[in-house]
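The next block holds one structure in the form of structure tokens; read it before the comments.
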2 protein chains.
Amino acid sequence: MKIGALAKATGTKVETVRYYEKIGLLPRAARTTANYRDYGSDHLARLSFIRRARDLGFTLKALSELLTLSDDKEQSCEAVDDIASRHLAKIDQKIDDLTTLRSELDRVISACQHGTVGDCKIIETLAPRPLS
Amino acid sequence: MKIGALAKATGTKVETVRYYEKIGLLPRAARTTANYRDYGSDHLARLSFIRRARDLGFTLKALSELLTLSDDKEQSCEAVDDIASRHLAKIDQKIDDLTTLRSELDRVISACQHGTVGDCKIIETLAPRPLS
DNA sequence: CTTGACCCTATAGTTACTACAGGGTGCATA
DNA sequence: TATGCACCCTGTAGTAACTATAGGGTCAAG
């Protein structure tokens, strides 16, 4: 299959597929006589893996670790579990941070009296008086 | 005050202060004879505003809009409220997304049997069988 | 008079793509 | 046969919001 078909099948943009190849995340494809990339089912599987992991928020770095690990079937699954668990912890942290931030922003907005900018509570809250 | 003092007072890195100046978010400071930047309380106030808004997750683009708006004190506060509210909606969306993602990742990790990579449920879940 | 903390500019690197510019290929249709 | 269109190619630059580095200058203390 050509790059457009692979892209469509995995919900990736064509440029992104070429980008993954460039950084070595996706192996080079064979080429047709017209120099078009020609992909097989192994590429499809690998790119699906990549997209799915990206959807779950794994970084490309974590991903390439996972891909390396997944190649050695005999190895203990511990390292894989570790990467995933650390990722989960990061997500929890992010949710916490965003929730805190949300309530604060909500508070700021609630104070809005819909007057002029001169009396704007939002700007006032954001701009604390200089300590001078 | 010199750049280091301003940075410290606002919890910013020196390089970031210079960066804000370069992109026009922070006005140019006066210079000493030694060509050092010399800041006053107006710079301090503005940088505090910037940092606080950044902490609340506003982009630099939204920020420069807010700063422009805040200069015209007679204007209606509506536009300010609008920017903040749209930002809040984005945060809510992000929290939702992360929460969904979290539960999915949690499910994936829970399936881990701590065996070898060959049986790893984490990798198995991430890599769906090619449609072939 | 030298050491160390601070300051300067300019440029490149980071993440994960995305968007050109400027060209080639392959198939269907007028 | 020509031509239009969708698709493919490479290479480079742009995005956000900094961070880091190289290669220098300044100033006060010991």
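Letters go in sequence order (proteins before strands), and every chain restarts at 1.
The distance from atom NZ of B:K8 to atom P of C:dC7 is 10 Å, rounded to the nearest whole Å. The distance between atom OH of A:Y19 and atom P of D:dG11, rounded to the nearest whole Å, is 17 Å. Atom CG in B:L6 sits about 15 Å away from atom P in C:dC6, given to the nearest Å. We find that CD1 of B:I3 is positioned 17 Å from P of D:dT26, with the value rounded to whole Å. For the pair B:I50 CD1 and D:dA17 P, the interatomic distance rounds to 12 Å; values are reported in whole Å. The CG-P distance, from A:L47 to C:dC17, rounds to 11 Å in whole Å. Nucleotide C:dT9 holds its C1' atom 9 Å from the CZ atom of B:R31, rounded to whole Å. When rounded to the nearest whole Å, the span between NZ of A:K61 and C1' of C:dG13 equals 16 Å.
Using a 4.0 Å heavy-atom criterion, one finds that A:F58 contacts no nucleic acid atom at all. B:I23 comes within contact range of no nucleotide atom at all, as no heavy-atom separation falls under 4.0 Å. B:R18 comes within contact range of at least one nucleobase, with a heavy-atom separation under 4.0 Å.
With C:dA16, D:dT10, D:dA20 as the candidates, the nucleotide lying closest to the side chain of A:R37 is D:dT10. When the nucleotides D:dT12, D:dC8, D:dC18 are ranked by their closest atom to the side chain of A:K22, D:dT12 comes out on top. Closest contact between the side chain of B:R51 and the listed nucleotides D:dC18, D:dC27, C:dC17 involves D:dC18. Minimum atom distance to the side chain of B:L60 is reached by D:dA17, of the listed D:dT19, D:dC9, D:dA17. The side chain of B:E15 sits closest to D:dA20 out of C:dT25, C:dC8, D:dA20. The nucleotide whose nearest atom lies closest to any side-chain atom of B:V14 is, among D:dA17, C:dC7, D:dC8, C:dC7. Ranking C:dA16, D:dT19, C:dC7 by closeness to the A:R54 side chain, first place goes to C:dA16.
Panel note: side chain A:D81, backbone B:H114; no donor-acceptor pair is recorded below 3.5 Å. With hydrogens and angles ignored, the 3.5 Å screen pairs a side-chain donor or acceptor of A:S48 with a backbone N or O of A:L44. Looking at A:R18, its side chain never comes within 3.5 Å of a backbone N or O of A:I3 through a donor-acceptor pair.
Two residues, B:Y20 and B:K2, neighbour DNA chain D, and the one matched to the more 5' nucleotide by heavy-atom proximity is B:Y20.
Annotation: side chain of A:H43 is not in contact with side chain of A:M1 (no heavy-atom distance under 4.5 Å). A:K94 has its side chain out of reach of B:K94: every pair of non-hydrogen atoms, C-beta onward, lies at least 4.5 Å apart.
Under 3.5 Å, the side chain of A:Y36 and the base of C:dG26 form no donor-acceptor pair of N or O atoms.
Under 4.0 angstrom from either OP1 or OP2 of D:dA16 there lies no side-chain N or O belonging to B:T59. Phosphate proximity of D:dA20 to B:K13: present, with a side-chain N or O under 4.0 Å from OP1 or OP2.
A donor-acceptor pair shorter than 3.5 Å can be found between the side chains of B:R51 and B:Y20.
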